[in-house]
Amino acid sequence: MHRAELRDQVISLYRGRHYIDAAEAALRYLENAPEDEIVLEILADSAVQAGHIDVGERTITLLLDRKRTPTRLSCLATIRSAQGEMKVAEGLMREALAIDPTMPGIWGLIAGVHRFRKDDPLIVKAKRILKRKDVPADARRSICFALCKAMNDIGKWDRAWDYAAQGAALANSQYDPGEFDRWLDDINETFDAEFLARKAGRGSESEAPVFIVGMPRSGTTLMEIVLAATGEIAPMGERTIIPDITARAVRDDAARGNTPSSHAWVRRWRDDAFGQVADFYLQDIARRTGGSVPTRFTDKLPGNVLYLGEIGLIFPRAKIIRMHRDPLDTCVSCYLGQFHDGHDYTYRTDWLARAAHGFQQIGDALAPIIPNDVLDVHYENLVSNPEPEIRRVLQFLDVTWTADCLTPAPVGYTTTTRSVAQIRKPINSSSVGRWRRYANRIGPLADALGIDLTDAA
């Protein structure tokens, strides 16, 4: 592949959010063009989003030594917030805002780490920028969601909902809920008990991974830091390898004429392919931990609930914790905040309700038939009465109880998710029943979920 073609591929993979592939392609390209700063920026952000914080930090520090731009400051701010250095991160964000207050990513980061006050100058600044005619839609969307967070912080629930709706309306989403439904249907048709039995024994015998899955905003991050407090389970954050490999297989399938919802690729895989994927996955973990795979580690990517069939074939001995949360609370939390990327189903409440049903349905269908042990955990039980619930989880994992689990301190823990600030707080039940703040706005969402608000109240 010529250099220009490889550069185009890097950019395409990055824009398509295929971060592992983008980072690998960027490294190949940079071998012959080490000074290409656009590709270096892509490498830095892709590495961070893929969980390789160290690679991202080295690359972005090099670039910042050359020039301090909003994009580079934003990337380093993401790294510092992921590492728990909130004040440093906020300082970097403010520096970036001073250069370009219309940069979308900065407002999203500010919303993640800043606690807004009623007289906050940042609220005034955000509202002023929002009135400008020259601000692009993606920046306006990000500012709207930052103002949604601000209104929540100061207790103006209706205004928070209004800003979220305004931001969602600005999303240029190509999301197709029908395609998602077709994809789920094909998963059900592919990963039935007969297929799983026929392919049994092809994957890895490793018991090291512990997958924590569920709907986004269902408590997967909290569960991970609780388990990390035992000292026996290494927290690896959100590993996107299984979805990324699936996406790569789907792209290859599309070249053969199959639809994006098809799982023809998994039917066609050689018997040794599942073990190869497991080896690749564990090698990536080893690279992040200094060369060896921890005895036990967590992968808390919520969306892995959609890949339980693949996990059952790749890591049949891995244990799975499936998180559940009140669907109204889960969906409200998803709707009122902007994800870094993806999750376009959160921009409309009818899409969101459909996705929530899909996450639940596919988990219910696959959990009983995959070879893995699966434990259901309800967020409300975890935060309202933590000790017995945590003891139950540790017994499932055969891990020793420690009182440290009740006050988990995420020292050395990194995450780039929307939970970046929340995980620094003690376990609490303040988010249980959060939907009630917006009870006069969520009628359509409740209807789509099949929930009678009079009964829920």
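Just the heavy atoms: all of them, side chains too, but no hydrogens, waters or symmetry mates, feed the values below. The model shown is predicted, which means the values in this text are computed figures rather than measured ones.
In this structure E232 satisfies the salt bridge (Lys or Arg N to Asp or Glu O under 4.0 Å) test with no other residue, sequence neighbours excluded. For S173, the side-chain hydrogen bond (donor to acceptor under 3.5 Å, both in side chains) partners two or more places apart in sequence, or in a different chain, are D344. Remark: A273 pairs with W269 by the side-chain contact (heavy atoms from CB on, under 4.5 Å) rule, at least two apart or across chains.
R251 and H18 share a donor-acceptor pair across their side chains, judged by distance under 3.5 Å alone. Side-chain atoms of H52 and D284 include a donor-acceptor pair closer than 3.5 Å. Residues S206 and S204 bring no donor and acceptor atom of their side chains to less than 3.5 Å of each other. Judged purely by distance below 3.5 Å, without hydrogens or angles, the side chains of N172 and Y347 never pair a donor atom with an acceptor atom. There is a side-chain donor-acceptor pair under 3.5 Å between R217 and S333. For the 3.5 Å distance criterion, the side chains of D364 and Q360 qualify, holding a donor opposite an acceptor.
For residues 228-254, no residue pair satisfies the ring pair (Phe, Tyr, Trp, His ring centres under 6.0 Å) rule, not counting sequence neighbours. The list of salt bridge (Lys or Arg N to Asp or Glu O under 4.0 Å) pairs with a residue in residues 325-335, not counting sequence neighbours, is empty. Pairs engaging residues 298-334 under the ring pair (Phe, Tyr, Trp, His ring centres under 6.0 Å) rule: W183-Y307, Y281-F315, H324-H378 [sequence neighbours left out].
The closest side-chain heavy-atom distance from M103 to T71 is below 4.5 Å.
With E224 contributing its side chain and G237 its backbone, the two residues share a donor-acceptor pair below 3.5 Å. Distance alone, capped at 3.5 Å, places no donor-acceptor pair between the R202 side chain and the R270 backbone. A side-chain donor-acceptor contact under 3.5 Å links T59 to the backbone of V55. Between the side chain of T289 and the main chain of S292, a donor-acceptor pair closer than 3.5 Å is present.
Relative to the six-membered ring of F396, R392 misses at least one condition, a distance below 6.0 Å or an angle of at most 45° to the axis.
Taking CG of L147 as the start and CG of N152 as the end, the distance is 11.5 Å to the nearest 0.5 Å.
Aromatic ring centres of Y175 and W351 lie closer together than 6.0 Å. The aromatic ring centres of Y345 and H343 sit less than 6.0 Å apart.
Salt bridge R267/D186: present, at least one basic N to carboxylate O contact under 4.0 Å.
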